[in-house]
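Structure, as structure tokens:
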There are 2 protein chains.
Amino acid sequence: MLFSELPDTAFEHMLHPIDHFIFSPGSLLHEAGRHGESIFSIRRGLVKLINVAPAGVQRIVRLLGPGSSVGLELLDGGEGYRHSVVAVNQVDACRIPVATVKQLQAEYPVLHNQVRERLQEQLDRADAWIVSMGTGPAKERVANLLLMLGEVSGDANGDIEMLGCEDMAAIVGTSTETVSRIIAELKRRRLVYKVAVHLYRLDTEALRVIVDQSVG
Amino acid sequence: MLFSELPDTAFEHMLHPIDHFIFSPGSLLHEAGRHGESIFSIRRGLVKLINVAPAGVQRIVRLLGPGSSVGLELLDGGEGYRHSVVAVNQVDACRIPVATVKQLQAEYPVLHNQVRERLQEQLDRADAWIVSMGTGPAKERVANLLLMLGEVSGDANGDIEMLGCEDMAAIVGTSTETVSRIIAELKRRRLVYKVAVHLYRLDTEALRVIVDQSVG
DNA sequence: CGAGGGGTTGACGCCGATCAAAGCTGGTGG
DNA sequence: CCACCAGCTTTGATCGGCGTCAACCCCTCG
């Protein structure tokens, strides 16, 4: 959580409320360009950050899970949200007014570091995304995506909630058909198999082999 | 500059020195993974941030010009540089010890905001990079790259210092031959033409048409 | 002037986009 | 509880873009 380093007393004379929200799958946390007042801190579930290109073609630039914050760009002031953010599954999040964050930053300088660390984490993720989702053959990119899903949203068993082909295509930058073909093959080879409705387990070892394929 | 909001008196009893460096084209500012003590603030010139993938295949994830800072990830502590950073042309930079930044942050909280804004700027750049350098046909991506070069490093006339084919290929994620073919065609169509050694001028309008091609 | 490192160009094959159609599956309403 | 429907996944066929290999050229630097 964004405020984990702060003492409980910090919230006693808060001017603006911190609310707790539950978003159902597919619902919109906020829209790109829209001016807003709210930063969200994800407690459970997965959200996708979408960069809408001039055309209708949209590309997903990040997946964020528990512990990550959304909307920190509002601290810059006057610019509005940079992405559209949509819940992938059921999402549990805190809505924190920008004014509250600024107020707490002034009182507790350690919060500056919390914010910076979260920005840095997202920057690291973005850089890794450029490499792993933008380089190499489609099969490698999909395998990479599955492994990444296991890390960011996997439960205790490492099981993942499978995304729709359209989302995966918007992540790895291919057509939905190509994604479907690859996933179908992985299922056939039992590198991915269903354990419940929408819940899949991964053969992490074998997938890593595919990822490192072009390395030799 | 990173310290533009700070009063001159801030630097009077500084424990660690701020040095001024000049890097020649191709020289290394710092290496990925290496632990270091120095943040660089670019005053002139252009640097490339390289993410070395497990294989020898390297991908350039960002280009930074005057006003940007390199190595802010060291503020997190204990992790070392995330990228290898190489000067593209002659680069003029300040080397600032991490300890100095931390000390100044404690004395002047406004510096926290300066750092945050620079991280946010790099995050925005990375997101734009994912979309513009990772989507669409090769010709569009190269055109996008040229336009971006004009913005980040263009001089008063918008003239750019042309990159090597290898660098451009590492940016747009194609082979060097493909880049060469595309650049050659652009030169033939006079959308790009030489005005001096290594200095090229762009037909910005026409390039934008290519970029928006798939939009219709 | 000679050597070498890019850049340029051609031929060819493959990966993945596109168009098209059929099969599943979960959700909805009777 | 079952039948049906809409949307998603799967699969096939075809074609174009781009990677790869290879040769050549040009400019630069020693």
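Below, read A as the first sequence line, B as the second, and so on, with proteins coming before strands; counting in each chain starts at 1. What you see below is based on every heavy atom in this structure, not just the backbone, and it leaves out hydrogens, waters and symmetry mates.
Nucleotide D:dG7 holds its P atom 17 Å from the CG atom of A:Asp167, rounded to whole Å. In this structure, the CG atom of B:Leu163 is 14 Å from the P atom of C:dG6, given to the nearest Å. Distance CE (A:Met162) to C1' (C:dT25): 16 Å, rounded to an integer number of Å. Spacing between atom CG of A:Leu199 and atom P of C:dG26 amounts to 13 Å, rounded to whole angstrom units. The NE2 atom of A:His198 sits 7 Å away from the P atom of C:dG26 (whole-angstrom rounding).
Surrounding CD of A:Glu185 are more than 12 heavy atoms belonging to other residues, nucleotides or ligands, all under 6.0 Å away. Counted within 6.0 Å of CZ on A:Arg43, heavy atoms from surrounding residues, nucleotides or ligands total 12 or fewer; the atom is thus considered open.
Of the N and O atoms on the side chains of A:Arg118 and A:Gln114, at least one donor lies less than 3.5 Å from an acceptor on the other residue.
B:Arg95 places no side-chain N or O within 3.5 Å of a backbone atom of B:Ile18 that could act as its donor or acceptor partner.
Phosphate proximity of C:dG7 to B:Lys187: absent, as no side-chain N or O sits under 4.0 Å from OP1 or OP2.
Using cut-offs of 30° and 60° on the angle between ring planes, the pair A:Tyr81 and A:His30 is parallel.
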Enumerate the protein-to-nucleotides 16-20 of chain C contacts in which both atoms are nitrogen or oxygen and the separation is below 3.5 Å.
{"residue": "C:dG16", "atom": "OP1", "partner": "A:Ala138", "partner atom": "N", "Å": "2.6"}
{"residue": "C:dA17", "atom": "OP1", "partner": "A:Ser175", "partner atom": "N", "Å": "3.3"}
{"residue": "C:dA17", "atom": "OP2", "partner": "A:Ser175", "partner atom": "N", "Å": "3.3"}
{"residue": "C:dA17", "atom": "OP2", "partner": "A:Ser175", "partner atom": "OG", "Å": "2.8"}
{"residue": "C:dA17", "atom": "OP2", "partner": "A:Thr178", "partner atom": "OG1", "Å": "2.3"}
{"residue": "C:dT18", "atom": "O4", "partner": "A:Arg181", "partner atom": "NH2", "Å": "3.0"}
{"residue": "C:dC19", "atom": "N4", "partner": "A:Glu177", "partner atom": "OE2", "Å": "3.2"}

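For B:Asp167 and B:Lys48, the salt-bridge test passes: some basic side-chain N is under 4.0 Å from an acidic carboxylate O.
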